[in-house]
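What follows is a short report on a single structure.
Note that this is a predicted model, so its numbers are computed, not measured. No hydrogens, no waters, no symmetry mates; every other heavy atom, side chains included, goes into these values.
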Amino acid sequence: MPVEFPPLPALDPGGRYPIIYADPPWDYKGQLQHSGPGSGDSGGAIRHYNTLRLQDLMELDVASIAAADSLLFLWATSPHLDQAVGLGNAWAFEWATVAFVWDKQRVNPGFYTMSQCELCLVFKRGRIPAPRGARNVRQLVSEPRAEHSRKPAEVRRRIEAMFPEQRKIELFARDTDIPGWDTWGEEISHPQTERRFRKQTQEAAGS
């Protein structure tokens with residue numbers, strides 16, 4: 001793998017998550033992108049964070065932290081839609097539908113049409129977690145794009161409205177201070193998992 005992520009949380013069956021929210025660092029094979037005419041080079045994903053190949057993403061044991069009845073909300077860029085469906089399946093979830101469509105209020109050049117939206121897919125494992133909260137949550141989220149790849153907090157708030165009582169975790173997170181959410185990812189601090197990972201690394205080096 002091009003990057004060593006901290007271990008996923010080690011949980012007993014009663015501590016698994018009914019709601020998993022993930023924004024994978026999709027690999028664009030080093031390709032760069034532009035934000036629009038006159039805006040210059042945005043640098044592409046690889047200049048902002050470490051990316052992972054699909055096979056490496058599939059090997060993450062997300063199933064081990066998912067409750068028997070759980071949902072996976074998974075962000076997918078348009079070029080990776082087919083890979084996103086395969087990734088959800090590899091993590092032991094079944095494809096359900098498109099949960100959210102994010103209108104970024106700005107366009108990017110594209111090979112076919114001007115790119116303006118990004119999709120958050122939803123996958124299901126077992127049944128939809130109960131109890132349910134709001135059932136009138138809108139699919140379209142119109143929020144201006146912020147820094148590279150940061151998703152609008154409104155999506156997280158809508159998931160909270162739909163499932164207010166369930167344990168939730170955000171994978172590949174950037175922020176740790178999210179009330180009601182556990183977080184995991186390369187860009188945030190994990191004191192317990194980092195200590196365990198360092199110990200395992202030192203033991204392996206000494207063997």
Side-chain angles (χ1 to χ4, degrees), residues 5-26 57-77 80-81 83-104 117-143 146 149-193:
F5 279 87
L8 288 168
L11 302 171
D12 58 60
R16 295 183 179 182
Y17 295 94
I19 302 298
I20 299 175
Y21 178 53
D23 182 18
W26 299 107
L57 288 168
M58 287 181 166
E59 290 175 1
L60 290 172
D61 191 12
V62 174
S64 69
I65 66 169
D69 295 331
S70 53
L71 295 180
L72 167 66
F73 291 88
L74 181 70
W75 283 101
T77 60
H80 292 97
L81 283 179
Q83 295 184 25
V85 173
L87 181 58
N89 296 157
W91 288 350
F93 288 84
E94 295 181 357
W95 161 253
T97 189
V98 175
F100 300 102
V101 177
W102 175 25
D103 168 22
K104 302 180 182 181
C117 295
E118 194 166 337
L119 303 180
C120 182
L121 316 180
V122 62
F123 297 78
K124 183 174 70 169
R125 181 181 186 183
R127 298 175 179 271
I128 296 176
R132 297 279 295 272
R135 293 173 181 254
N136 61 347
V137 170
R138 296 291 185 93
Q139 183 184 58
L140 180 64
V141 177
S142 185
E143 295 277 346
S149 191
R150 183 176 290 276
K151 301 305 186 287
E154 175 63 19
V155 170
R156 202 185 296 114
R157 287 193 288 267
R158 294 188 190 188
I159 295 173
E160 292 168 0
M162 295 165 66
F163 300 99
E165 298 186 27
Q166 284 77 9
R167 293 192 71 207
K168 305 172 185 68
I169 187 169
E170 180 174 348
L171 305 182
F172 308 104
R174 289 182 164 185
D175 304 308
T176 55
D177 247 352
I178 308 174
W181 290 78
D182 291 338
T183 53
W184 174 92
E186 182 203 14
E187 297 184 69
I188 60 177
S189 175
H190 300 262
Q192 291 181 337
T193 55

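The two residues Val62 and Leu8 make their nearest non-hydrogen contact at N-CD1, 3.9 Å. The two residues Ala90 and Met58 have their closest heavy-atom pair at CB-CG, 3.7 Å. The two atoms that bring Cys117 and Asp103 nearest to each other are SG-CA, 4.1 Å, heavy atoms only. Nearest approach of Phe172 to Asp23, heavy atoms of both residues: CB-O, 3.4 Å. In plain terms, the two heavy atoms of Ile19 and Trp181 that are nearest each other are CG2-CH2, 4.4 Å. Scanning all heavy atoms of the two residues, the minimum distance from Trp26 to Ala76 falls at NE1-CA, 4.0 Å.
Rounding to the nearest 0.5 Å places CG of Leu71 at 4.5 Å from CZ of Phe163. Note: Leu57 CG to Leu171 CG = 10.5 Å, rounded to the nearest 0.5 Å. For the atom pair CG of Leu140 and CH2 of Trp102, the computed distance is 12.5 Å after rounding to the nearest 0.5 Å. We find the NE2-CG distance between His80 and Leu74 to be 11.5 Å, quoted to the nearest 0.5 Å.
Ile20 places none of its side-chain heavy atoms less than 4.5 Å from the side chain of Trp91. Put simply, the side chain of Ile65 does not reach to within 4.5 Å of the side chain of Trp184, judged on heavy atoms.
A donor-acceptor contact shorter than 3.5 Å links the side chain of Asp69 to the backbone of Arg127.
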Would you sort out whether Tyr21 and Lys151 count as a side-chain contact (heavy atoms from CB on, under 4.5 Å), showing the intermediate values? CA-CA 11 Å; Tyr21 178 53; Lys151 301 305 186 287; 4.0 Å; yes
Could you check Met162 against Ile128 for side-chain contact (heavy atoms from CB on, under 4.5 Å), going step by step and ending with a plain yes or no? CA-CA 11 Å; Met162 295 165 66; Ile128 296 176; over 6 Å; no
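A salt bridge does not link Glu160 to Lys168: none of the charged nitrogens lies less than 4.0 Å from a carboxylate oxygen.
The environment of CD in Gln139 is crowded: more than 12 heavy-atom neighbours from other residues, nucleotides or ligands sit within 6.0 Å.
Aromatic ring orientation, Trp95 versus Phe123: perpendicular (interplanar angle above 60°, classes split at 30° and 60°).
With sequence neighbours left out, Glu154 forms a side chain to side chain donor-acceptor pair (under 3.5 Å) with Arg157, Arg158.
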